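Small disclaimer: the values here were computed from a predicted structure and weren't measured. Order of the sequence lines fixes the chain letters, A, B, ..., with proteins taken first and strands second; residue numbering starts at 1 for each chain.
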There are 2 protein chains.
Amino acid sequence: MFTLLLSNIAKHIHLSKEEESFFISLLQLKKLKRKQFLFKEGDIHKYCTFVTSGCLRSYSIDKNGFEHIMQFAPANWWIADMYSFVAQKPGNLNIDAIFDSEIITIQRTDIEKLYQAVPKFERYFRVLAENSLISHQNRLMDNLGLSAKERYDNFCRSYPTLIQTLPQKQVAAYIGVTPEFLSKMLNMPITKQAG
Amino acid sequence: MFTLLLSNIAKHIHLSKEEESFFISLLQLKKLKRKQFLFKEGDIHKYCTFVTSGCLRSYSIDKNGFEHIMQFAPANWWIADMYSFVAQKPGNLNIDAIFDSEIITIQRTDIEKLYQAVPKFERYFRVLAENSLISHQNRLMDNLGLSAKERYDNFCRSYPTLIQTLPQKQVAAYIGVTPEFLSKMLNMPITKQAG
DNA sequence: GGTAAAAAATAATCCAGGTTAAGAGTAAAA
DNA sequence: TTTTACTCTTAACCTGGATTATTTTTTACC
């Protein structure tokens, strides 16, 4: 039930039996149906979420009504509106389930308790934040320097499993093109494709 | 000498006199001349850097030879090629000084020692990484959803001091347009500017 | 299975921002 | 104080990707 999360944590820090059971006592299990929201723009984010099955996404909606996907979270990933979660102010993101999903949540106030009781968790979440920062920096550079085709190829390389199950539309909203252009690009004769 | 850094740290964690002097013993002071490199693409990043005066920048160079700026680091900011620093592999970024600068560096191996000796620093760097993550996420959404003019206005709002001292070219390389287009945009009649 | 809704394909037209090139300021270095 | 090298501007032209609209295919759900 919690094994996926515990083994994820074990990669970074070692917990005693007591620490582990204290941690588990702070967790809640939930299920989300496809298209069900975990968090809406304007809410204040109270939970950090770990996905054990299915897939969630976080995205913002720009002033023209277009969705831009910040992150996909398949099994074994954390997801949150970091800004709202950290600052405890209304967030700009929406988070919902792309497929039926099972998640584990932990409340913000409980994370603070956890940091007090088991400071090792500061390390775990530091490493997570650093890795997430690195991947966002990479993505930013890709958006500034690569063509749509290159960003698409990158995406396929980074998420070989996801690309098979996700609607094209969602991929377009992640790499930063319209669904129409992505379709055109994928059906373009090979000879015309940019490397 | 180290007061700027110490007061930055004091905002997040409290250090005893012993902890403080141990920390200081790990630091090195350096000076960089304008245009001098701290780090070049392909190097393995051994230092984390805190700027006490002047301004550094980190940037990558795309396959067409264009620079894209990841971060400006004026006084009171940290800067590093996080990927290279964390993974200890050759990095993709360059870091150099835009103006003559004074910096404090700490070696990666010493940071690990610091985490062992004073675990509170895990918290300090966790909070830093989280804040940095939030601002990179914001920037990513801005790049996906806003026009060049809006990104420029955002930049002016976020860095009111920097905008006065930076060459336009550097601002263009940050917001993701060519210097030519930025110039055109800034000299466009007000009536034609997008909101 | 039937049908309503969403997703994908196709195509014509449009535009924000890129490209190229050349000249005019301006700062730095010698 | 004169080179030398950036930086900024201007302008004509170009293009990757957006927009809009219509049709076809797939998927979800009764």
Side-chain angles (χ1 to χ4, degrees), chain A residues 32-36 54-55 57 59 61-69 96-101 142-155 162-195, chain B residues 33-36 54 57 59 61-69 96-100 142-155 162-189 191-195:
Chain A
L32 287 178
K33 285 268 163 208
R34 191 178 123 78
K35 297 197 179 179
Q36 195 181 336
C55 187
R57 73 209 251 254
Y59 62 97
I61 301 178
D62 72 23
K63 62 177 193 305
N64 302 314
F66 291 104
E67 293 179 1
H68 301 284
I69 294 178
D96 65 12
I98 300 182
F99 310 120
D100 293 355
S101 303
D142 285 0
N143 275 298
L144 292 174
L146 301 182
S147 69
K149 183 62 170 51
E150 291 167 321
R151 277 176 276 142
Y152 179 79
D153 291 342
N154 266 205
F155 185 90
L162 264 185
I163 194 75
Q164 322 229 30
T165 49
L166 281 181
Q168 252 180 53
K169 197 192 164 187
Q170 307 289 343
V171 178
Y174 183 93
I175 66 174
V177 295
T178 56
E180 291 84 354
F181 183 73
L182 181 56
S183 170
K184 180 164 90 178
M185 196 172 77
L186 294 178
N187 292 297
M188 211 152 43
I190 296 149
T191 52
K192 292 194 180 172
Q193 285 177 22
Chain B
K33 286 264 164 212
R34 190 178 124 80
K35 295 195 179 178
Q36 197 182 333
R57 72 210 252 256
Y59 62 98
I61 300 178
D62 71 25
K63 61 174 193 309
N64 301 314
F66 291 104
E67 294 180 359
H68 301 283
I69 295 179
D96 65 11
I98 300 183
F99 311 121
D100 292 357
D142 284 0
N143 275 299
L144 292 174
L146 301 183
S147 69
K149 183 62 170 51
E150 291 167 320
R151 276 177 275 141
Y152 179 78
D153 291 342
N154 266 203
F155 184 89
L162 264 184
I163 193 75
Q164 322 229 28
T165 49
L166 282 180
Q168 250 180 56
K169 200 193 163 185
Q170 305 290 344
V171 178
Y174 183 93
I175 64 173
V177 295
T178 58
E180 292 84 353
F181 183 74
L182 180 56
S183 171
K184 180 163 88 178
M185 196 172 76
L186 295 177
N187 292 296
M188 211 154 40
T191 53
K192 290 192 180 172
Q193 285 178 22

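- On a pure distance criterion of 3.5 Å, a polar donor-acceptor pair joins the side chain of B/K184 and the base of C/dG18.
- Across the protein-nucleic acid pair, B/I98 atom CD1 and D/dC6 atom P stand 16 Å apart, rounded to whole Å.
- Under the 4.5 Å side-chain criterion, counting only non-hydrogen atoms from C-beta, B/F155 is in contact with B/L166.
- Residues B/K169 and A/G176 both approach DNA chain D. Their nearest nucleotides, taken by heavy-atom distance, put B/K169 toward the 5′ side.
- If you take CE of B/M185 and P of D/dC8, they are 14 Å apart, rounded to a whole angstrom.
- Closest non-hydrogen pair, B/K169 versus B/P179, comes out as CG-CG, 4.1 Å.
- Taking atom CZ of B/F66 as the reference point, atom C1' of C/dG18 lies 8 Å away to the nearest angstrom.
- Residues B/Y152 and B/L146 fail the side-chain proximity criterion, which asks for heavy atoms closer than 4.5 Å.
- If you check C/dG18, D/dT7, C/dA21 against the side chain of B/E180, the one that comes closest is C/dA21.
- Residue B/S183 places its side chain closer to D/dT10 than to any other of D/dT10, C/dA11, D/dA18.
- Of the listed nucleotides (C/dA7, D/dA28, D/dG17), D/dA28 has the atom at the smallest distance from the side chain of A/R34.
- Between the P atom of C/dG23 and the CG atom of B/N187 lies a distance of 20 Å, rounded to the nearest Å.
- Protein atom CG of A/L144 is 15 Å distant from nucleotide atom C1' of C/dG18, rounded to whole Å.
- Across the protein-nucleic acid pair, A/K149 atom NZ and D/dG16 atom P stand 14 Å apart, rounded to whole Å.
- For the pair A/F181 CZ and C/dG17 C1', the computed distance is 15 Å after rounding to whole Å.
- A/N64 places its CG atom 14 Å from the C1' atom of C/dC15, with the value rounded to the nearest Å.
- Between A/R151 and D/dG17, a side-chain N or O to OP1/OP2 separation shorter than 4.0 Å is present.
- Within the structure, a side-chain polar atom (N or O) of A/Q168 is placed less than 4.0 Å from OP1 or OP2 of C/dA9.
- In this structure, the nucleotide among C/dA21, D/dT19, D/dT7 sitting nearest to the side chain of A/T178 is D/dT19.
- A 4.5 Å side-chain heavy-atom check between A/D96 and A/R57 finds at least one atom pair inside the cut-off.
- By the 4.5 Å heavy-atom criterion applied to side chains, A/V177 and A/M185 are not counted as neighbours.
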